[in-house]
Amino acid sequence: MRVVSINRRTVERGALAAASGLLAGYTALAAAELTASLVRPQAGPVTVIGGAAIDRTPAALKDFAIRTFGENDKLVLQLGILVTVALLAALLGVFALRHRRTGAAGVLAFGVLGAAAALGRPDAAGPWDALPSLVGAVAGALVLYLLVGTVGGATARPAGAGADDTEPPAAWNRRGFLLAAGVTAIASTGAGALGRALTGRRGQGATASRTAVRLPAPASPAAPIPAGAALRIPGVSAFTTPNKEFYRVDTALVVPKVDADTWRLRIHGKGVSRPRSYSFAELLQRPLIERDITLTCVSNEVGGPYAGSARWLGVRLSDLLREAGIQAPSRGGRADQLIARSVDAMTLGTPVEEVMDGRDAMLAVGMNGEPLPFEHGFPVRMVVPGLYGYVSACKWIREIELTTFDSYDPYWVKRGWARRAPVKTQARIDTPKPFARIPAGTVTVAGVAWAQHRGIERVEVQVDDGPWQEASLAAQATTDTWRQWSFDWKASSGGHRLTVRATDGRGEVQTELRTRTIPDGASGRHGVFVTVG
Ligand SMILES: Nc1nc2c(c(=O)[nH]1)N[C@H]1C(S)=C(S)[C@@H](COP(=O)(O)O)O[C@H]1N2
Ligand SMILES: [Mo]
């Protein structure tokens, strides 16, 4: 009986120690959050460790994460970090039962790791960025040391270690522990909430600057969208994607909130005879172009959701480059790569030739009639028709540097993606959905197809292994936008496979060759299985 009672007390102590560890971890994160709100929200430990993890994730794993978790991938990553911190904290708590000082020192060691991650971020603002992790760790270590102290340092010897050993009196008292733990939990929750509130207030200047923006009318308006560009078939992607539904792909765990009033864009580098810097107001005073352009992500699987079309308003990028004295490489310009840098230290590399070949490459300030949403790059982002987002669409841009493909690899290229990446021709079946059950009779098969800057000339549908049949095309708004299509299918009972393929404006049929998204975008044809009857 006695042995059993010793074990129970040991287990009880262990549980309380683990709880102490959890509380210490919670306190550490809360204190770090509060400190980060004063220093820089992006310097918080979860954000810097998450950022470091994103940067080190192999392309294949990142692809898997995007495929599996979609736009929730960042949430999953952050939850993963929290679960890991909780596990480590609980373990440290149990460990601290026997080695109180070393346990507390362990918390400090994790703080040092967090601080190192903070200082190693490409957008680190300075030594202060280490502070959130360090302050959090000190608070966490103190909590662990004190709470485990109330649980009692020495544990009972292992069962059976000697029947005559009297068990040490329970050094902890349940009430004392609960009181200390309760106070800690409340204080930490308060600190965390205060931190979040302060972080929210930091973004107020940026929010106010966005609210104050009055977008000027374009000097060169977009051509009206032809009435026939939208087929109005239920289930087909809207021709213009509302901002709230527009896909979002980036590495930012905290959406940058940039104050447009202090924002500036610098243009410099190879072949720049007149380095330039522009304020947001200066950009708005220039003649603006307005264009419908479909944006697609290189991580989009065949049939995937990472494509969207918007009406962009912005400054023609080639105008700014010419002002800086830059020539296209085909005209003897020395720089063939344009590196766009964002406020969060992302780098994207775009071919100068494409930007200057007459297409509507722009520094966008407006998206569907409003200033860019923060998630989509406020105050200014790049948009280049015909190129995947990762080689063109820099959000929260702050700098353009002219260089060469030989001398510099931007962020994604360092991680295995191609230096140059024109958008591949794709057609997508939006309706019926994969594995849908539909009644026999006439079924409208419909979706969108895109081959930006080449245009879509033709879309065909194949039922099972039958012949390719011509789909009807909606009007083509511009070659830079996607095009809706539909096909009336006389569906007979049974299981069927529907496959679609597009032909671009140059007469090139979309390949059936299936490739992965890495290194330069997925190819292959979208198909869905459906059951009729
Ligand atoms: N600063 C920054 N800009 C960025 C990215 C990023 O991670 N950081 N991702 C790029 C990628 S991969 C794509 S596909 C587009 C997506 O733009 P959206 O989120 O507005 O749809 O933004 C591009 N611009
Ligand atoms: Mo992308």
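What you see is a predicted model, and the numbers here were worked out from it, not measured in a lab. Both ligands and their constituent atoms are indexed starting at 1 by order of listing.
Separating the CH2 atom in Trp312 from the CZ atom in Arg381 is a distance of 4.5 Å, to the nearest 0.5 Å. Remark: Phe239 CZ to Asp292 CG distance equals 5.0 Å, nearest 0.5 Å.
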Would you mind listing each N/O atom of ligand 1 next to any protein N/O under 3.5 Å, plus the distance?
from     : atom 1 : to     : atom 2 : distance (Å)
ligand 1 : 1 (N)  : Ser342 : OG     : 3.3
ligand 1 : 1 (N)  : Asp344 : OD1    : 3.3
ligand 1 : 1 (N)  : Lys395 : O      : 3.2
ligand 1 : 3 (N)  : Lys395 : N      : 3.0
ligand 1 : 7 (O)  : Thr251 : N      : 3.0
ligand 1 : 9 (N)  : Val249 : O      : 3.2
ligand 1 : 17 (O) : Arg381 : NH2    : 3.0
ligand 1 : 19 (O) : Val249 : N      : 3.1
ligand 1 : 19 (O) : Lys395 : NZ     : 2.6
ligand 1 : 20 (O) : His376 : ND1    : 2.6
ligand 1 : 20 (O) : Arg381 : NH1    : 2.7
ligand 1 : 20 (O) : Arg381 : NH2    : 3.4
ligand 1 : 21 (O) : Tyr247 : O      : 2.7
ligand 1 : 24 (N) : Ala393 : O      : 3.0

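Shown here are the salt bridge (Lys or Arg N to Asp or Glu O under 4.0 Å) partners of Arg497, two or more places apart in sequence or in another chain: Asp465.
A donor-acceptor pair under 3.5 Å is absent between the side-chain atoms of Arg359 and the main chain of Val384, judged by distance alone.
When side chains are defined from C-beta on, Tyr278 does not count as touching Val315, because their heavy atoms never get closer than 4.5 Å.
Geometrically, Arg415 engages Tyr411 in a cation-pi contact defined by less than 6.0 Å to the ring centre and at most 45° from the axis.
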